[in-house]
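Because the structure is predicted, anything quoted here is derived from the model rather than measured. Labels below follow one simple rule: chain letters A, B, ... track the order of the sequence lines, proteins then strands, and each chain is numbered from 1. What's counted below: heavy atoms across the whole structure, side chains too, no hydrogens, waters or symmetry copies.
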Number of protein chains: 2
Amino acid sequence: MKNLTKRQEEILNLIKSHIQDLGFPPTRADIAKSLGFKSPNAAEQHLRAIEKKGFISILSGASRGIILNDTANDDIPIIGLVAAGGPILAEENIEKTIPRSNNLLSNEIDYYLRVKGDSMVDVGIFEEDLIGVSKTLNPKIGSIVVARINNEVTVKTLIEFNQNKVILRAENKNYSDIKINPSIDELVIEGSCVALLRESI
Amino acid sequence: MKNLTKRQEEILNLIKSHIQDLGFPPTRADIAKSLGFKSPNAAEQHLRAIEKKGFISILSGASRGIILNDTANDDIPIIGLVAAGGPILAEENIEKTIPRSNNLLSNEIDYYLRVKGDSMVDVGIFEEDLIGVSKTLNPKIGSIVVARINNEVTVKTLIEFNQNKVILRAENKNYSDIKINPSIDELVIEGSCVALLRESI
DNA sequence: ATTAGTACTGTAATTATATACAGTATATAG
DNA sequence: CTATATACTGTATATAATTACAGTACTAAT
């Protein structure tokens with residue numbers, strides 16, 4: 001997507017604030033009036049240019065038919081089953097997304113991961129719960145982390161983390177600790193768990 | 001604000017989803033076409049009625065000049081400690097509020113209640129968790145409810161609910177069932193638990 | 001009994017809007 | 001030197017859209 005000129009950006013911002021204020025886009029005449037053009041055609045031509053650069057779509061024949069092509073992908077993805085092999089945030093794993101502005105929990109959250117299995121029930125994390133994961137937050141000993149062991153993604157408590165020994169604990173008496181030697185098995189700590197959501201109790 | 005009729009609500013929803021989908025409100029003709037009216041005037045008159053009831057404003061002369069009067073500006077309160085005696089939603093119990101538009105869970109939620117104690121740990125509800133409570137949802141046997149027993153507010157599973165015998169269960173082996181005779185003890189089911197939030201795991 | 005509200009059809013006029021066409025001027029890239 | 005892009009004025013027109021007016025029919029309230 002090419003860069004907008006100063007004037008074009010001015011017009012795009014005008015469209016955005018018009019939508020913000022009134023709830024619908026401006027007409028060509030509105031734009032012309034706001035920016036002091038004496039011809040609505042000036043606005044028309046700017047719109048065409050902005051459309052050509054991909055920032056908006058114009059519906060022909062529809063009044064105020066300007067659609068913002070929001071590039072700003074600040075949605076938080078909800079990850080369902082993670083397909084083995086690929087990255088967690090791969091397209092195919094995304095169940096749906098929610099706008100970040102609707103997120104009332106920590107804004108450190110990079111994605112929500114739907115919990116599979118009962119290995120964390122003793123700390124109140126149940127199957128189908130959504131855990132909020134921060135990729136950047138440094139995983140601390142004793143915190144709950146999202147780990148990938150040999151391409152298998154799992155949620156566990158981090159008990160020990162050394163060069164040649166990592167221990168992950170399932171918070172369920174029926175499971176035993178997972179001991180990993182990172183020089184033998186591939187281990188990636190994908191992130192830390194910072195929140196939890198449960199729908200339809 | 002008066003209530004909308006079924007048809008009027010249908011039209012309001014149509015406007016909302018049109019805005020959601022395209023970014024601007026529909027025209028009278030759009031509405032007529034969507035709902036099968038043969039005259040755009042049918043839409044016009046509905047819009048006037050909806051405006052009269054306060055749900056929208058219509059800008060005269062402007063195409064698509066329909067402004068949603070955000071009624072949904074009621075914030076969802078987060079209830080901390082419930083002071084004995086008063087209603088749950090009393091001012092002094094409100095820890096803070098969050099805009100309903102930011103709520104990504106069920107929109108049946110009337111308030112969030114901060115959980116005190118460990119009586120529900122076996123179903124993954126921990127101290128300091130926030131449970132989303134619906135006042136209107138009919139409490140079902142087996143569901144988790146917010147109950148008030150002699151002015152004490154508690155969260156428990158509803159096991160039995162008869163005229164002279166109500167059983168509430170703590171989901172924690174260390175607690176025993178609470179048996180109540182509603183003709184002796186004052187019992188109010190305040191709502192049903194429909195969601196759960198946990199911050200800072 | 002009558003008024004007000006709901007729920008439409010049908011027609012038509014006015015105005016709002018998109019959009020084509022014809023220009024002018026400046027800047028930049030090949 | 002010649003396209004191509006930017007940045008406009010000015011005019012005109014087809015059509016999109018609002019909106020008034022005249023009806024019909026049913027329901028609920030005063």
Counting N and O atoms only, with roles assigned by atom type, does the side chain of Asp185(A) sit under 3.5 Å from a partner on the main chain of Ile180(A), one being a donor and the other an acceptor?
no
Rounded distance in Å - CZ (Arg7(B)) to C1' (dT6(C)):
11 Å
CD1 of Ile31(B) versus P of dA16(D): gap in Å, rounded?
17 Å
His46(B) side chain N/O closer than 4.0 Å to the phosphate oxygens (OP1, OP2) of dT6(C)?
no
Check nucleotides 24-29 of chain D for protein N or O atoms closer than 3.5 Å to its own N or O atoms and list the pairs.
none

Separation of Glu9(A) atom CD from dA7(D) atom P, in whole Å?
11 Å
Expected output: side-chain Asn150(B) to main-chain Glu186(B) donor-acceptor under 3.5 Å:
yes
Ignoring hydrogens, what is the shortest heavy-atom contact between Gly23(A) and Pro25(B)? Give both atom names and the distance.
O-CD, 3.9 Å
Any residue meeting side-chain hydrogen bond (donor to acceptor under 3.5 Å, both in side chains) with Asn162(B), in chain and number order, not counting sequence neighbours
Glu160(B)
Find the distance Leu35(A):CG to dT9(D):P and express it as a whole number of Å.
10 Å
Heavy atoms from C-beta onward define the side chain here; which of dG5(C), dC8(D), dA7(C) lies closest to that of Ala42(A)?
dC8(D)
Length of the NZ-P vector between Lys6(B) and dA7(C), whole Å
11 Å
Could you encode protein contacts along nucleotides 15-30 of chain C as a string, one character per nucleotide from 5' to 3', using B for base contact, S for sugar-phosphate-only contact and - for no contact, with a heavy-atom cut-off of under 4.0 Å?
-SSSB-BB--------
Starting from P on dA7(C), measure out to NZ on Lys38(B) and report it in whole angstrom.
18 Å
Electrostatic pair Lys6(A)-Glu10(A), nearest N-O below 4.0 angstrom
no
Interatomic spacing from CD in Gln163(B) to CG in Asn181(B) - rounded to 0.5 Å
10.5 Å
More than 12 heavy atoms from other groups under 6.0 Å of CZ on Phe161(A)
no
Do any N or O atoms from the side chain of Arg114(B) and from the backbone of Glu95(B) form a donor-acceptor pair under 3.5 angstrom?
no
Heavy-atom closest contact (Asp129(B) atom, Gly124(B) atom, distance)
OD2-O, 3.8 Å
Give the rounded distance in Å between these two atoms: CG of Leu47(B) and P of dT6(C).
13 Å
